[in-house]
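Quantities reported herein were computed from a predicted structural model and do not represent experimental measurements. Order of the sequence lines sets the chain letters (A, B, ...), proteins ahead of strands, with each chain counted from 1.
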There are 2 protein chains.
Amino acid sequence: MSSPDFAKLGAVYPRYLNAVVLHGLATAQAVGMGPTDLYAVGTLVFHGRMTSGELAAKTGLTTGATTRLIDRLEARGLVRRVPDPADRRRVLVEAVEAQGVDLDDALAPAREKLARVFADCTADEIATLTEHFERAAPAFHEAIEAIRDAR
Amino acid sequence: MSSPDFAKLGAVYPRYLNAVVLHGLATAQAVGMGPTDLYAVGTLVFHGRMTSGELAAKTGLTTGATTRLIDRLEARGLVRRVPDPADRRRVLVEAVEAQGVDLDDALAPAREKLARVFADCTADEIATLTEHFERAAPAFHEAIEAIRDAR
DNA sequence: GCTAATATCTGCACTCATGCAGATAATGTT
DNA sequence: AACATTATCTGCATGAGTGCAGATATTAGC
């Protein structure tokens with residue numbers, strides 16, 4: 001068995017990440033969402049319910065701007081405000097499970113085209129890919145923390 | 001050999017894509033770039049040099065707004081204007097190969113953490129992943145086209 | 001050569017997200 | 001019970017990105 005071909009990976013991977021990010025931006029634009037809104041929803045989906053203040057910290061916005069952010073997302077039905085029973089000053093924000101229909105429509109092409117890519121894979125390959133995705137996702141989130149802390 | 005576990009993939013994959021997009025947004029924000037600027041640079045890197053008008057079509061902006069977009073990117077040194085020798089009305093825009101140092105810094109954490117993920121893979125796994133990235137990138141770009149055309 | 005069409009650029013105005021500062025409500029502290 | 005602290009929200013102002021319409025330069029057609 002030969003050693004891993006990291007050179008080829010290094011050539012392919014940046015273009016791949018680029019494509020994923022571009023697709024994310026195109027999707028957001030298609031449903032009329034700005035980058036902050038997209039980021040906030042993604043953060044809430046990943047980390048789960050959090051307070052308005054925590055969301056402000058994650059996004060780097062002031063608490064005032066975050067209030068407006070939540071207003072926008074709530075108006076779109078992407079997010080829900082839940083009063084914190086333990087501390088009635090606080091507002092918990094959570095992503096609504098059934099995301100908007102328009103968002104679903106915008107993601108349909110990617111779903112279809114990627115399903116075709118995955119369909120050609122063997123069971124072993126799917127297992128390899130799944131494990132990679134499982135490990136890479138936290139790595140990206142750690143990198144996000146590092147970027148934020150560096151500022 | 002069992003059949004591919006698409007159920008698990010379906011559970012893991014959206015969170016992974018979410019993480020990639022979030023990281024892209026955080027990176028852009030860290031270097032003070034807006035979503036359009038990020039999208040434009042990514043498009044130029046992927047598709048290579050193109051005219052101002054073509055970039056306008058890709059981004060969905062008017063030609064006027066695109067002029068300002070190119071101004072911003074050029075001021076940052078991310079992009080270069082090249083006069084078209086065949087048609088002197090036209091301006092070709094191309095990504096500068098040596099991207100800004102600050103962008104490189106912002107990507108460093110991701111590089112490091114992902115290198116660790118890839119380091120644990122066998123040569124076969126790297127090959128599987130590389131092939132997937134190679135096939136998925138065009139799929140995302142096709143999806144982008146589909147989203148754009150649908151509007 | 002003259003006119004029409006095309007590509008990019010510029011002036012102006014507008015929208016929208018955001019920061020800032022103060023207001024309101026709730027909790028903790030003594 | 002009074003006061004300080006904390007969390008979210010609101011009013012106002014600002015700035016960045018964008019559309020629109022017209023200007024300029026170049027090419028194509030007759």
Q: For A/L44 and A/M50, work out which heavy atoms get closest and say how close.
A: CD2-CG, 3.7 Å

Q: Which comes earlier along DNA chain C counting from the 5' end, the contact point of B/G53 or that of A/D87, where each point is its nearest nucleotide?
A: B/G53

Q: Ignoring hydrogens and geometry, is there a side-chain-to-backbone donor-acceptor pair from B/D84 to B/V91 under 3.5 Å?
A: no

Q: Compare all side-chain heavy atoms of B/R49 with those of B/V93 and state whether any distance is below 4.5 angstrom.
A: no

Q: Could you tell me how far apart A/E74 (CD) and D/dT8 (P) are, to the nearest whole angstrom?
A: 14 Å

Q: Got more than 12 heavy atoms from elsewhere within 6.0 Å of NZ, A/K113?
A: yes

Q: Nearest-Å distance, CZ (A/R90) to P (D/dT5)?
A: 19 Å

Q: Less than 3.5 Å between a donor and an acceptor, one on the side chain of A/R89 and one on the base of D/dT6, is that the case here?
A: yes

Q: Distance check needed: C/dA25 P versus A/D84 CG, whole Å only.
A: 19 Å

Q: Walk along nucleotides 9-18 of chain C from 5' to 3' and tag each nucleotide B, S or - by protein heavy-atom contact under 4.0 Å, base first, then sugar-phosphate.
A: BBBB----SS

Q: Rounded to whole angstrom units, what separation is found between the CG atom of B/L92 and the P atom of C/dA7?
A: 13 Å

Q: Quick one: does B/T122's side chain get under 4.5 Å of B/I126's, heavy atoms only?
A: no

Q: To the nearest angstrom, how far is B/R88 atom CZ from C/dA5 atom P?
A: 22 Å

Q: Give a yes/no verdict on a cation-pi contact between B/R15 and A/F46, requiring under 6.0 Å between NZ or CZ and the six-membered ring centre and an angle within 45° of the axis.
A: yes

